[in-house]
Number of protein chains: 2
Amino acid sequence: MLDAAVRVFSRHGYHGASMDEVAERAGISKPMVYAYLGTKEELFIACLHREATRMMEAIAGAAVPDLPADERLWHGLRAFFGFVGAHRDGWAVLYRQARAERAFADELAGMRARIVEVVVGMLDHALRAEGREVAETELEVVAYALVGATESLGDWLADHPEADPEKTATRMMNVAWLGAGQLLHGVTWHPPER
Amino acid sequence: MLDAAVRVFSRHGYHGASMDEVAERAGISKPMVYAYLGTKEELFIACLHREATRMMEAIAGAAVPDLPADERLWHGLRAFFGFVGAHRDGWAVLYRQARAERAFADELAGMRARIVEVVVGMLDHALRAEGREVAETELEVVAYALVGATESLGDWLADHPEADPEKTATRMMNVAWLGAGQLLHGVTWHPPER
DNA sequence: GCGTAACCTTACGTGTGAGTAGGTATGCTG
DNA sequence: CAGCATACCTACTCACACGTAAGGTTACGC
């Protein structure tokens with residue numbers, strides 16, 4: 001039943017979707033939707049949760065501990081783009097919707113926070129392995145940029161059905177790892193003195 | 001008058017905003033809004049256009065031709081984050097709204113396309129200076145990732161009023177330029193052979 | 001002083017869609 | 001077979017907000 005809801009929300013957006021359509025698509029009647037999932041908002045949150053959980057599981061499932069940082073990142077990215085590629089219709093739009101609606105921002109922020117945390121951990125681990133150390137906030141912004149870039153490419157992938165998830169992951173890896181890798185080695189860019 | 005509209009759309013989102021509220025905030029009555037700007041959709045597009053134009057002008061105004069690529073990128077990023085920092089309330093939410101609403105996606109895609117084009121031009125220029133060449137599509141994806149990362153950090157900035165735009169630009173520059181710079185020098189990452 | 005025209009407001013029509021009340025079939029128990 | 005509960009649907013209410021029609025107010029021409 002959530003499948004129907006995800007589909008409808010994806011096609012018409014949160015506001016554009018009508019509960020009647022969700023019910024019709026699910027093959028049941030409207031009061032049943034309310035009986036099982038509650039109000040429209042609760043329904044949307046349920047969708048969001050399920051998709052988020054699925055995605056996190058897909059990524060976690062691809063994680064192999066005790067691998068060098070770059071390979072762990074690679075596995076994570078590949079899992080992520082693979083997931084988006086397989087759920088093009090659902091994920092990207094749910095995600096965009098959730099960002100637009102103030103009410104769901106928290107939900108999404110929590111989800112992103114978990115991912116950022118993982119990436120920060122990864123970077124931190126790699127740094128320690130090199131015997132270097134960087135302030136937490138610095139790492140967090142870098143992680144945020146990487147996650148943001150990844151999300152954007154996820155959007156791009158969702159809009160380009162012909163694109164290959166694996167290839168997209170490789171491209172992301174190029175931008176992300178080369179940049180982050182440089183940073184990890186202590187190379188930094190600084191504004192030119194005027 | 002557009003100011004009022006931008007403000008209201010920002011706070012409540014496209015659907016959440018009522019024309020009554022826009023009118024009240026602008027200090028006039030509803031029929032006047034319709035007389036001057038037309039329907040709600042047209043009003044929103046007008047807002048979008050103005051903000052987009054302002055932003056493009058801010059960036060274009062900071063552009064200094066005949067500078068090395070990294071400095072041009074730096075100026076662009078600084079202008080961008082400066083703009084978002086100064087228009088926190090307006091830009092990010094307009095942007096998020098425009099992405100969520102299918103009707104405005106084209107509008108936004110065009111805007112982004114122009115930016116991506118500029119970045120591609122920049123990368124291409126830098127590449128030629130090094131006597132190297134890379135397929136257009138490749139460059140485009142890299143540019144897309146960079147623009148996406150920048151947009152994400154823009155969102156982050158809009159949500160963190162205490163953050164400093166200049167510092168954010170520097171961080172972005174670190175991730176972006178170090179990664180892109182490596183790519184420009186022919187360094188690439190490739191998936192590990194299994 | 002009076003008509004008229006531009007301009008603005010209040011106050012309304014209307015459609016849409018969230019959420020619900022009340023009715024119907026199916027299956028279980030005595 | 002009667003009584004009852006569970007599961008479900010049809011049909012409704014109600015609120016909200018877009019877009020507009022009819023009515024007041026100020027300025028100017030005669």
Side-chain angles (χ1 to χ4, degrees), chain A residues 1-52 89-90 93-108, chain B residues 1-52 89-90 93-108:
Chain A
M1 167 180 333
L2 279 175
D3 288 332
V6 169
R7 176 96 180 249
V8 174
F9 280 131
S10 299
R11 300 190 86 76
H12 304 295
Y14 177 69
H15 284 281
S18 77
M19 293 298 265
D20 292 271
E21 195 176 344
V22 172
E24 188 186 358
R25 190 125 219 147
I28 57 177
S29 72
K30 199 159 53 143
M32 286 301 96
V33 179
Y34 279 89
Y36 287 122
L37 279 311
T39 84
K40 189 179 187 182
E41 191 170 323
E42 287 165 351
L43 172 61
F44 188 81
I45 289 183
C47 293
L48 198 57
H49 260 130
R50 197 192 55 166
E51 294 297 313
D89 217 43
V93 188
L94 266 186
Y95 173 72
R96 287 176 208 169
Q97 291 304 319
R99 279 173 70 113
E101 240 46 57
R102 199 69 174 154
F104 309 125
D106 291 348
E107 212 65 44
L108 196 64
Chain B
M1 167 179 337
L2 280 176
D3 289 330
V6 169
R7 176 97 182 247
V8 174
F9 281 131
S10 299
R11 300 190 85 76
H12 303 295
Y14 177 68
H15 285 282
S18 77
M19 294 298 266
D20 292 271
E21 194 175 344
V22 172
E24 188 186 358
R25 189 124 219 149
I28 56 177
S29 70
K30 201 160 48 143
M32 286 301 96
V33 179
Y34 280 88
Y36 287 122
L37 278 312
T39 83
K40 189 180 187 179
E41 191 170 324
E42 288 166 350
L43 171 61
F44 188 81
I45 289 184
C47 291
L48 198 57
H49 261 131
R50 198 192 53 165
E51 294 297 313
D89 218 43
V93 187
L94 266 186
Y95 173 74
R96 287 176 208 170
Q97 292 303 319
R99 279 175 70 112
E101 241 44 58
R102 200 69 173 154
F104 309 125
D106 291 348
E107 211 66 44
L108 195 64

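Proteins come first, then strands; the chains are lettered A, B, ... in the order of their sequence lines, and each starts at number 1. All values below were derived from every heavy atom in this structure, side-chain atoms included, with hydrogens, water molecules and symmetry-related copies excluded.
- Atom P of nucleotide dA17(D) and atom CG of Leu43(B) are separated by 16 Å, given to the nearest angstrom.
- If you measure from atom CG of Leu37(B) to atom P of dC18(D), you get 14 Å, rounded to the nearest angstrom.
- The side chain of Tyr36(A) sits closest to dC8(D) out of dG19(D), dC9(D), dC8(D).
- In this structure, CE of Met19(A) is placed 17 Å from P of dT10(D), rounded to the nearest angstrom.
- Rounded to an integer number of Å, the gap from NE2 of His15(A) to P of dC16(D) is 15 Å.
- In summary, contact between chain B and DNA chain C, defined as any nucleotide atom under 4.0 Å from a heavy atom of the protein, begins and ends at dC8(C) to dT10(C) in the 5' to 3' direction.
- Separation of atoms OG (Ser10(A)) and CD (Glu51(A)) is listed at 7.5 Å; rounding is to 0.5 Å.
- A cation-pi arrangement, defined by a distance under 6.0 Å to the six-membered ring centre and an angle within 45 degrees of its axis, is absent between Lys40(B) and Phe9(B).
- To the nearest 0.5 Å, atom CD1 of residue Ile45(B) and atom OG1 of residue Thr39(B) are 8.0 Å apart.
- If you check the side chains of Glu101(A) and His15(A), you find a donor sitting under 3.5 Å from an acceptor.
- Base engagement by Ser29(A) is indicated by at least one non-hydrogen atom pair under 4.0 Å involving a base atom.
- To the nearest angstrom, P of dC12(D) lies 14 Å from CG of Asp20(A).
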* Any chance you could lay out the side chain to side chain contact (heavy atoms under 4.5 Å, CB included) test for Arg7(B) and Asp3(B), step after step, and finish with the verdict? => CA-CA 6 Å; Arg7(B) 176 97 182 247; Asp3(B) 289 330; over 6 Å; no

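- Here the P atom of nucleotide dA11(D) and the NZ atom of Lys30(A) are 13 Å apart, to the nearest Å.
- Counting non-hydrogen atoms under 4.0 angstrom, Ala17(B) reaches the backbone sugars and phosphates but no base.
- Judged by distance alone, with hydrogens and angles left aside, the side-chain atoms of Glu21(B) form no donor-acceptor pair with the main-chain N or O of Ser18(B) at under 3.5 Å.
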